[in-house]
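Heavy-atom basis, side chains included; hydrogens, waters and symmetry copies ignored. Per chain, numbering begins at 1; letters A, B, ... match sequence-line order. Every value quoted in this text rests on a predicted model; they were computed, and no experiment measured them.
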Amino acid sequence: MSRLTLSGITVRYGGVKPLDDVSLAFESGVCGVIGPNGAGKTTTFNVLSGFALPVAGSVDLDGDDLLAVPAHRRARWGLRRSFQQEQVVRTLTARENVLLAAEHSGSPAADADRALDYVRLARPHRLGAELTMFERRLVDIASCVVGTPRLVLLDEPAAGLDPAESERLLGLITRIPEEVGALVLLVDHDMDLVRAACGTVAVLDFGRRIAAGPTLQVLSSPEVRKAYLGIDEEVTT
Amino acid sequence: MNLLPFVVAGLVIGSVYALSGVGVLVLYRTTGVLNFAHGAVGGMAALLVWQTVELRMQPPVAIALGIAAGAAIAFLFGLVAGPSLARVDQLRKAIATLGLALALLGVMLFVWNDKARTMRLETSRISFDVAGARVNVTQLVCLALALLVVVGTLLALRHTSMGTSMRALASDRELAAVVGTNVRLVENTAWAVSGAVAGISGILLADQTRLEPAFLTFLIIPELAAVVIGRFVSLWLTLVGGLAVGVGQSLVSAWPTVSAFSTAVPFVVATIVILVATRRRVVTVGVVRA
Amino acid sequence: MKQDFFSRTDVRGALVGLAVGLVLALGLPFLPGVGAGLALRTLTVCAIYALAAAGVGVLYGRLGLVSIMQIGLVAVGGWATLRIYHATHLPFEVVMVLAALVTAVVGVLVGLPALRLSGLSLAIVTLMVAGALEVLVTYAGFPNGGNGFLGRVSGGTLAVIMPRPGLGQSDDEFFRYVGVVVVVVLALLRWLLMVRPGRTWAAIRQGEAGAVSLGVNTVAHRLLALAVTSAVTGVAGALLAAGSGILDPASFKAQQSVLLFATVLIGGAFSLLGAVIGGLFFYGMPQLLSTVGLDGNLVFVVLGLGLVQAVTTAQAGIAGQLAELWRRLRPRLWPRPRREVTV
């Protein structure tokens, strides 16, 4: 049972505040972070992975102060992250990509092979440049489960995939908490994926939290529908 | 020791660094190209002036010709390489101009060899004393011109339509193109203007220092230091930077024991500025490449 | 796993390169025409500069870093070699390793501030260092057995020449000596590119954010790259010093650094073959031009324009184009079914 708490997080870029006094709490399993474009979802991830420094607030995972850890040390601490755009290194093989994640998070090389088995990627000795989009997404997931992760951040992991592929990816994502024991945060615009994957969600809008709780309950609440789902149609088309 | 002559000499050289740096800065802001060949273009202009004066051309005509040649070289490079350069990142843009610098240096060495020549402008023959330091008219021209060019550039950027277009390009290229700015025209103008500025500074520097191809080509180093001090944005800070580097070099060369290190001044100054700039920056938000 | 390792194309390419390199290094002096005299001495220096070119190539091709001070670093390596030799008279091999370490330290010190900012500032700072080193070397000269820190003889005293290494006394032997050192250093570099540091550099080049999120300390790994490539360049300086026993500041001008950078990009920054081609262009081409009676300065014009072309269009350079040619020709020369690589 792990618990992640963000308290009073404010991020400021010049005059803009992508996050304004946001407090969120997540408890084990797969949790969604949703909201329209510009709501502050990716900024939340950037705070967690150390790319954005909040001017106020704190982040706590099971008693550890995450903000005190430098960005490049957070992988060793147990943080994994995927980006909207997959980050597979084209000039390295799929296995080397995952190996890289293992090496820099302080995990043994055997963990890389275990992670590749988890996503069931065929022929991992192909170069990143030779992989399909789906296979690259698999490599990203493998890099995220390598070693002993405590917190996995997935930013639109299924972008650019067809429904069948999304379905397989969904299966992999929902199994992460039980398989490796990490808390998973998922940002996505695909409401079907969010509904199927996440037990709880938090909704952001204009840098503020407008709702949080069990997924179905939150998604059916009137203020969320008003603030968010109207725009959602435009986003998902 | 009376340091005043060194300060005066440093201010003069520094003002030309600044003048030249303004040319680099305007081109960089408009086209995204940091022109490492700026010094080489100036060297070319200076050698052409020297050559045509040797061939008994009237000095004012020769100077005009040299400046025009500087503008023409830069303009032609912008015209030919510009479209390809627009497609590559900033670092590659800068590297490509290293190629231009190398080619121009080769032409200069081929035509004029690497002998150090001297070129004295007419204005350098008239001089007078200011508080124990000898100052000639060329040096006054350097100082005045630097100030004039900074003020002139600021006014032109603010009040002419070409200036407005350049500022538009500097802040957002795509947007500028979308709203109907003729990007190619503006870029070509920037190349020509910066080439002319390079020509003027090359001729002045050749008069103040020595007329030697490699030496003039690598005067891009203190000029770049001025631009670095200007943080790649500020014309005034570039002027200050040029003067600071010039005076710094000149003062270091005043002491025989350390005079050999005077060429390291731009490096030291630029490094300090880069260090300070780094400290101010809080976080790196890496750009995810496609 | 072992089987896998040798079936990887990059591993096979590296092994082929190693074999060809050793054959060339040991066999070239037997070749009539180029195997003796001026031609062999020129090729020796070309091979030495291939190391400096490899330094530039790894930085640019593998990390996207532009270093325009490499010839300055060769001078640092050469200076350190002569200085250490005249002070200690240690065997050349020991002196060479020490000089490589000194050069690595210098390279890191220069890169440290600039690397925190952007690629463009490293290019600017290294150009400035190239200019500063040129003047420093001209002012200080190279040690030739005199007293004091600078080690210059004065007055009527004769300069002391550093002897060639014991295994490379004659021109033939020295070429083989240089050849083997160059091949060994390039092989080490190639190996480094295939293991953890190389993987990490590839990730950094692909994207800073992605690399950091994997847990990569990007600044530390860029510094490691600068240290490694500077050390390799320092070895080049040591070999150059060993060749003639004395060095001339006139060979280490700032424009030479720019020229070397150009040759590497034209030769191809993505492979070590490109570095070898770069070394040939850098030192061999001016010699070739002057033997046929052309002005060596035309090299600047040709390579300068070549650099513009390489940057704007042909990213992989000559080595890349050769590799592409090979890929197209191979199936026709040796038709065989494609073997699937499985775990």
Inset, instruction - Determine, using ring centers only, whether C:F252 and C:F142 are less than 6.0 Å apart. - result: yes
Inset, instruction - Would you mind telling me which of C:A254, C:G131, C:A211, C:A130 has the largest number of heavy-atom pairs within less than 4.5 Å of chain B? - result: C:A254
Legend entry - Proximal component of B:L34, with respect to chain C [non-hydrogen, under 4.5 Å]: side chain
Inset, instruction - Could you tell me whether the side chain of B:T217 and the main chain of B:P213 form a donor-acceptor pair under 3.5 Å? - result: yes
Legend entry - Qualifying residue for side-chain contact (heavy atoms from CB on, under 4.5 Å) with B:V227, from B:V233, B:L237, B:V22, B:V24: B:V24
Inset, instruction - Identify which of C:V302, C:I124, C:L303, C:V125 forms the greatest number of heavy-atom pairs closer than 4.5 Å to chain B. - result: C:I124
Inset, instruction - Check each atom of C:L259 against the heavy atoms of chain B and say whether the ones under 4.5 Å are side chain, backbone, both or neither. - result: both
Inset, instruction - Measure B:V228 against the heavy atoms of chain C and call it side chain, backbone, both or neither at under 4.5 Å. - result: side chain
Legend entry - Any donor-acceptor N/O pair, B:K93 side chain to B:G32 backbone, under 3.5 Å: no
Legend entry - Donor-acceptor side-chain pairing of C:T218 and C:E208 below 3.5 angstrom: yes
Legend entry - N/O donor-acceptor pair under 3.5 Å between B:T209 side chain and B:L205 backbone: yes
Legend entry - Toward chain C: residues of residues 95-103 of chain B with heavy atoms under 4.5 Å: B:I95, B:A96, B:L98, B:G99, B:L100, B:L102, B:A103
Legend entry - Electrostatic pair B:R117-B:E54, nearest N-O below 4.0 angstrom: no
Legend entry - Part of C:A262 lying under 4.5 Å from any heavy atom of chain B: side chain
Legend entry - C:L136 versus chain B, the contacting section by heavy-atom distance below 4.5 Å: side chain
Inset, instruction - For the pair B:T30 (side chain) and B:M166 (backbone), establish whether a donor and an acceptor sit closer than 3.5 Å, ignoring hydrogens and angles. - result: no
Inset, instruction - Answer with side chain, backbone, both or neither: which region of B:I220 has an atom nearer than 4.5 Å to a non-hydrogen atom of chain C? - result: side chain
Inset, instruction - Go through the atoms of B:F110 and report whether side chain, backbone, both or neither lie under 4.5 Å from a heavy atom of chain C. - result: both
Legend entry - Flag, side chain of B:T31 to backbone of B:Y28, donor-acceptor distance under 3.5 Å: no
Inset, instruction - Please check if any side-chain donor atom of C:T233 sits under 3.5 Å from a side-chain acceptor atom of C:Q70, or the reverse. - result: yes
Inset, instruction - Identify which part of C:Y139 has an atom lying under 4.5 Å from any heavy atom of chain B, answering side chain, backbone, both or neither. - result: side chain
Inset, instruction - Spell out, as yes or no, whether a donor-acceptor pair under 3.5 Å connects the side chain of B:W191 to the backbone of B:L76. - result: no
Legend entry - Contacting moiety of C:L133, where chain B heavy atoms sit under 4.5 Å: neither
